[in-house]
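Just below is one structure, and these are the notes that go with it.
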Amino acid sequence: MGPHPAVAAIRLAVRRTLADLAAEAGSTFTAPAREPRERVPGVPVAAAAALPAAVGTTLIGNAHRHPSGLPRTPAAPGSPLVLVAVSGGADSMALAIAAAFEAPKIGLRVGAVTVDHGLQSGSAERADQVADRLRELGLDPVEAVAVRVGREGGPEAAARDARYAALDAAAERHRAVAVLLGHTRDDQAETVLLGLARGSGARSLAGMPAQKGRYRRPLLELDRAATRQACSAQAIQVWDDPHNCDPAYTRSRVRHEVLPVLEKHLGGGVVEALARTARLFRDDADALDQWAALAERDIRTGEGTLDAGKLSELPPAVRRRVLRRAALRAGCPAGDLFARHLETIDLLVTGWRGQGPLHLPGGVEATRRCGTLVFRRQGD
């Protein structure tokens with residue numbers, strides 16, 4: 001009998017992502033010979049091969065056996081390494097166990113990083129417990145990393161920034177080819193709703209990409225229920241972060257209050273529809289970004305400023321992307337540059353009446369001068 005459907009679906013999603021990574025890393029791998037099974041008295045060899053592993057044997061992936069009973073041989077020590085970001089919840093644990101099951105087949109090593117944000121009592125101990133559990137499951141290397149969460153941008157944004165900084169550092173430290181994240185279709189739907197509430201543009205409504213830099217999200221097409229079912233089917237212990245149910249956090253309210261109301265009054269399938277919306281917006285946003293990159297070449301002057309006359313001829317969606325690119329290049333932090341800023345900058349092109357310089361996040365100043373737009377950091 002094959003694995004539970006949820007387990008199979010997650011393994012397939014992870015296998016596809018890992019295959020892409022192996023191809024990018026130039027990894028070649030010949031599947032190892034199947035490990036001989038210990039002879040069971042009174043049971044034919046063929047029948048014994050179909051028996052599950054002994055109770056209590058849970059080593060997988062880089063170790064020698066998976067709970068399914070299938071033998072596993074670790075990838076060679078010098079093989080490319082993939083790290084999994086693991087909080088201990090069902091999403092990331094299901095991802096980790098699937099990665100550890102699939103990675104050795106194609107010559108990849110798999111490790112994990114769990115981040116202790118230090119925001120709850122006993123968080124350090126829990127992070128160590130998660131790390132120990134991952135080592136028992138065969139992942140190597142495994143790190144529990146403590147971070148200090150600041151206050152800039154609010155508690156959720158500050159925690160996210162600290163977490164990604166820790167993951168980036170771990171990836172550099174271990175020379176990992178990628179970091180896998182356990183975001184699901186439900187997370188994608190929540191992200192789209194949050195973008196709508198903020199009045200964000202198409203790029204924000206496009207949600208989380210399946211791939212960005214070193215980060216991969218294999219589970220974006222699967223729902224959260226599948227990860228819980230997979231962990232239950234494999235007897236994998238998970239930890240539910242109380243912050244995920246705390247109404248003090250915006251995402252928690254969207255998850256437990258907003259989405260259930262939408263499902264109730266609009267019918268089922270809201271999460272899937274929002275995730276589909278994100279995919280459509282992403283296609284549009286990617287096309288507009290490419291157009292803006294090409295347009296900027298013709299608009300930028302020899303002095304590095306932007307020709308206001310040529311800017312005015314562009315469609316608003318493309319023009320504002322050009323303005324955003326210029327502001328980011330001048331030093332505006334991407335996370336602090338919002339649609340309202342771009343609308344104000346756009347008035348220097350479409351509603352020019354001698355306005356003074358605009359002060360943007362990151363100490364950047366935007367000014368119209370002699371028919372051109374100049375972006376520079378204040379004091380330069």
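In this structure, the side chain of Thr191 engages the main chain of Asp187 through a donor-acceptor pair within 3.5 Å. When atom types are taken as modelled, the side chain of Gln355 and the backbone of Arg353 share a donor-acceptor pair closer than 3.5 angstrom. Listed for the Arg217 side chain is a donor-acceptor partner under 3.5 Å among the backbone atoms of Pro209. Between the Arg282 side chain and the Gly207 main chain, a donor and an acceptor come within less than 3.5 Å of each other. A distance-only check finds a donor-acceptor pair linking the side chain of Gln188 to the backbone of Met208 [under 3.5 Å]. At least one donor-acceptor pair closer than 3.5 Å links the side chain of Arg368 to the backbone N or O of Leu348. For His4 (side chain) and Ala6 (main-chain N/O), a donor-acceptor pair under 3.5 Å exists by modelled atom type. With hydrogens and angles ignored, the 3.5 Å screen pairs a side-chain donor or acceptor of Ser87 with a backbone N or O of Gly89. The backbone N or O of Ala273 lies less than 3.5 Å from a partner atom in the side chain of Thr277, making a donor-acceptor pair. Side chain of Thr114 to main chain of Val86: a donor-acceptor pair is present (N/O by atom type, distance under 3.5 Å, no hydrogens or angles).
Rounding to the nearest 0.5 angstrom, the gap separating the CG atom in Leu311 from the CZ atom in Arg300 is 10.0 Å. Remark: Arg185 CZ to Leu222 CG distance equals 7.0 Å, nearest 0.5 Å. Here the OG1 atom belonging to Thr367 is positioned 6.0 Å from the CZ atom belonging to Arg369, to the nearest 0.5 angstrom. Here the straight-line distance linking atom CZ of Arg320 with atom CG of Leu342 works out to 8.0 Å at 0.5 Å rounding. Atom-to-atom distance recorded for Glu365:CD and Gln378:CD is 5.0 Å, nearest 0.5 angstrom. Remark: Arg325 CZ to Cys332 SG distance equals 14.5 Å, nearest 0.5 Å.
Using a 4.5 Å heavy-atom cutoff, the side chains of Phe375 and Thr305 are not in contact. In this structure, the side chains of Leu108 and Ser79 stay at 4.5 Å or more apart for every pair of heavy atoms. Annotation: side chain of Thr350 is in contact with side chain of Leu347 (closest heavy-atom distance under 4.5 Å). Looking only at side-chain heavy atoms (C-beta outward), Val110 and Leu81 stay at 4.5 Å or farther from each other. When side chains are defined from C-beta on, Leu137 does not count as touching Phe101, because their heavy atoms never get closer than 4.5 Å. The side-chain heavy atoms of Val349 and Arg319, taken from C-beta on, include a pair separated by under 4.5 Å. Residues Arg255 and Asp186 are not in side-chain contact: their nearest non-hydrogen atoms beyond the backbone lie 4.5 Å or more apart. Side-chain atoms of Leu181 and Leu167, non-hydrogen and from C-beta on, do get closer than 4.5 Å to each other.
Electrostatic pairing of Glu102 and Lys105 counts as a salt bridge here, judged by a charged N lying under 4.0 Å from a carboxylate O. Ion pairing between Arg16 and Glu221 fails under the 4.0 Å rule for side-chain N and carboxylate O. With respect to the salt-bridge test (charged N to carboxylate O, under 4.0 angstrom), the residues Arg173 and Glu143 qualify. Between Asp140 and Arg135, none of the side-chain N atoms (NZ, or NE/NH1/NH2) sits under 4.0 Å from a carboxylate O, so this pair counts as no salt bridge. Between Asp289 and Arg321 there is a salt bridge, with a side-chain nitrogen of the basic residue lying less than 4.0 Å from a carboxylate oxygen of the acidic one. Salt bridge annotation for Arg126-Asp116: absent, with no cationic side-chain nitrogen under 4.0 angstrom from a carboxylate oxygen. A salt bridge between Glu257 and Arg253 is absent, with no side-chain N of the basic residue lying under 4.0 Å from a carboxylate O of the acidic one. Ion pairing of Arg228 with Asp240 is present here, as a side-chain N (NZ or NE/NH1/NH2) and a carboxylate O approach within less than 4.0 Å. Electrostatic pairing of Glu296 and Arg329 counts as a salt bridge here, judged by a charged N lying under 4.0 Å from a carboxylate O.
For Leu274 against Val192, the heavy-atom pair with the smallest separation is O-CG2, 3.7 Å. Between Leu180 and Pro218 the shortest heavy-atom distance is CD2-CG, 4.3 Å. The heavy-atom pair separating Pro333 from Leu328 by the smallest distance is C-CD2, 4.2 Å. Residue Glu263 comes nearest to Gly268 through the heavy atom pair OE1-CA, 3.1 Å, listed as atom of the first residue, atom of the second, then distance. Shortest non-hydrogen contact noted between Arg324 and Leu337 is NH1-O, 3.3 Å. Nearest approach of Met93 to Gly88, heavy atoms of both residues: CG-O, 3.5 Å.
Cluster annotation: Leu220 and Leu280 are assigned to distinct hydrophobic clusters (Ile/Leu/Val/Met/Phe/Trp/Tyr, side-chain heavy-atom contacts under 4.5 Å, transitive). Linking Ile, Leu, Val, Met, Phe, Trp and Tyr whenever their side-chain heavy atoms come within less than 4.5 Å puts Ile236 and Leu139 in one cluster. Hydrophobic clustering, with ILVMFWY side chains joined whenever heavy atoms are under 4.5 angstrom apart, keeps Trp239 apart from Val142. Two different hydrophobic clusters hold Leu205 and Trp291 under the rule that ILVMFWY side chains link at heavy-atom gaps under 4.5 Å. Hydrophobic clustering places Leu266 together with Val258 (ILVMFWY residues linked when any side-chain heavy atoms are closer than 4.5 Å, directly or through intermediates).
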Checklist entry - Yes or no on side chain to side chain contact (heavy atoms under 4.5 Å, CB included) for Leu193 and Leu259, after CA distance, side-chain angles and deciding distance? => result CA-CA 9 Å; Leu193 281 179; Leu259 273 172; 3.6 Å; yes
Item to check | Evaluation steps, side chain to side chain contact (heavy atoms under 4.5 Å, CB included), between Leu219 and His183 | outcome: CA-CA 6 Å; Leu219 308 184; His183 295 119; over 6 Å; no
Checklist entry - Would Thr184 and Asp223 count as a side chain to side chain donor-acceptor pair (under 3.5 Å) if you check the C-alpha gap in whole Å, the side-chain angles of each, and the deciding distance to 0.1 Å? => result CA-CA 6 Å; Thr184 65; Asp223 58 35; over 6 Å; no
Item to check | Working for side chain to side chain contact (heavy atoms under 4.5 Å, CB included), residues Leu323 and Leu373 | outcome: CA-CA 9 Å; Leu323 297 176; Leu373 264 60; 3.6 Å; yes
Checklist entry - Checking side chain to side chain contact (heavy atoms under 4.5 Å, CB included) for the pair Arg216/Leu21: CA distance, chi angles, key distance, verdict? => result CA-CA 10 Å; Arg216 303 290 195 280; Leu21 287 171; 3.5 Å; yes
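Between the side chains of Thr372 and Asp307, not a single donor N or O lies within less than 3.5 Å of an accepting N or O.
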